[in-house]
Amino acid sequence: MSKRFIVDSKNIKKVDNNISIFGDEAHHINVLRYRVKDKVYINEYEVEITEMDKEYVSGVIVGSLEEKGVPNTNITLVQAYLKSDKMEHVTQKAVELGAKEILPVMSKNCVVKLDEKDKTKKVDRLNKIAKEAVEQCGRTDEVEVLDVENLLKVDYSKFDAVLICHEASTNSLKEAINNIKNFNSIAVIVGPEGGLDEKEVEELLRNKNAYVVSLGERVLRAETASFSILSILWYELG
Ligand code: SAH
């Protein structure tokens, strides 16, 4: 399959079957040495390049993208903010493992403290990483990193179910998955390096269809916990 480039609407001009793009992705197509007559995917279109230079790429639409790699269940990874480059790593892997959204949250035991300016900058950076991961893994949908919220202030009512990963729990993940198998949207909560606070877990359990679950007897690092739960859900829910 030709490579896919995801271009912001502000950098696209489309008139009938002709499409032109500007900005980062036009540059990216140049860097990858595509030439006139090559085919690429631009968002949902298959495009044959007819003209290009450093600043822009133009082409004609010759087809459309068939859906590929799009998960059946919308999984939102609610990830407590982790230190150093771990959030970036988790974001990249979550995209590959089928999360539909990533919602970074601040919780009681978060080691990282962010002010409003940091938050905006970090989320922009994480969205860039998510976009690259979408392109790299060949998913035909998009994955959004949402603005940082407080763990307990999130509106969980928009999800059909909430899975809370907690190392102190002995509840079976299998049973929880059996109960939520046919749901469309699931929030998966993974705590920070210092873990979720018992009071936070208690509060989160007040949401409808909320389950606190164990990923086994071993205490996993937060990022390992995220990769595991997403892989398990991907396997179980398709
Ligand atoms: N508080 C712990 C470690 C927290 S691990 C300590 O310092 O000993 C970070 C996060 O990973 C947890 O909040 C939880 O969401 C998840 N996690 C790690 N191991 C887990 C397990 N065995 N079962 C469920 N969740 C786990």
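Order of listing sets the numbers, starting from 1, for every ligand and every atom in it.
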If you measure every N/O of Gly194 against every N/O of ligand 1, is any gap under 3.5 Å? yes
Looking at Ile49, Val62, Val47, which hits side-chain contact (heavy atoms from CB on, under 4.5 Å) with Lys39? Val62
Atom 15 (O) of ligand 1: which protein heavy atom is closest, and how many Å away? Cys165 O, 2.6 Å
Is it true that Lys119 and Glu116 make a salt bridge, defined as a side-chain N closer than 4.0 Å to a carboxylate O? yes
In the structure I gave you, are the side-chain heavy atoms of Val188 and Cys165 within less than 4.5 Å of one another anywhere? yes
Have a look at Arg221, Glu200, Glu167, Glu223 and point out the one with the heavy atom closest to atom 20 (C) of ligand 1. Glu167
Closest non-hydrogen protein atom to atom 18 (C) of ligand 1, residue and atom name please, with distance? Leu220 O, 3.1 Å
Mind checking whether Ile180 and Ile186 have side chains closer than 4.5 Å, heavy atoms only? yes
Distance under 6.0 Å and angle within 45° of the ring axis: does Lys158 meet both against Tyr156? no
Would you call Glu193 and Lys83 a salt bridge, using N to O less than 4.0 angstrom? no
Give the residue and atom name of whichever protein heavy atom lies nearest to atom 25 (N) of ligand 1, and the separation in Å to one decimal. His166 N, 3.2 Å
If the threshold is 4.0 Å, N to carboxylate O, is there a salt bridge linking Lys100 and Asp141? yes
Measuring from atom 6 (C) of ligand 1, which candidate in Glu217, Gln79, Glu193 has the nearest non-hydrogen atom? Glu193
Looking only at N/O atoms, are Val213 and ligand 1 under 3.5 Å apart anywhere? no
Closest to atom 9 (C) of ligand 1 among protein heavy atoms sits Pro192 O, 3.1 Å
Looking only at non-hydrogen atoms, which of Ile189, Ile229, Val219 approaches atom 8 (O) of ligand 1 most closely? Val219
Between the side chains of Asp8 and Lys10, is the shortest nitrogen-to-carboxylate-oxygen separation below 4.0 Å, so that they form an ion pair? yes
Give me the nearest non-hydrogen protein atom to atom 10 (C) of ligand 1 as residue plus atom name, then the distance to 0.1 Å. Gly191 O, 3.7 Å
More than 12 heavy atoms from other groups under 6.0 Å of NZ on Lys14: yes
For ligand 1 and Arg218, I'd like to know whether there is a polar contact (N/O to N/O, distance under 3.5 Å). yes
Side chain to side chain contact (heavy atoms under 4.5 Å, CB included) evaluation trace for Asn171 with Tyr211: CA-CA 8 Å; Asn171 293 346; Tyr211 298 86; over 6 Å; no
Asn127 and Val143: which non-hydrogen atoms are nearest, and at how many Å? OD1-O, 4.2 Å
Against ligand 1, does Ala80 come closer than 4.0 Å with any heavy atom? no
Using a plain distance cutoff, I'd like to know if Gly216 has any nitrogen or oxygen under 3.5 Å from a nitrogen or oxygen of ligand 1. yes
Short list, please: which atoms of ligand 1 are under 4.0 Å from a heavy atom of Leu196? 13 (O)
Answer side chain, backbone, both or neither: which part of Ala225 comes under 4.0 Å from ligand 1, heavy atoms only. side chain
For atom 23 (N) of ligand 1, the closest protein heavy atom turns out to be Leu215 N, 2.7 Å
Interfacing atoms of ligand 1 (cut-off 4.0 Å, heavy-atom, Gly195): 1 (N), 4 (C), 13 (O)
So CD of Glu46 and CD1 of Ile19: to nearest 0.5 Å the spacing works out to 12.0 Å
Which segment of Asn109 sits under 4.0 Å of ligand 1 when only heavy atoms are counted: neither
For Val190, the ligand 1 atoms with a heavy-atom partner under 4.0 Å come out as 11 (O), 15 (O)
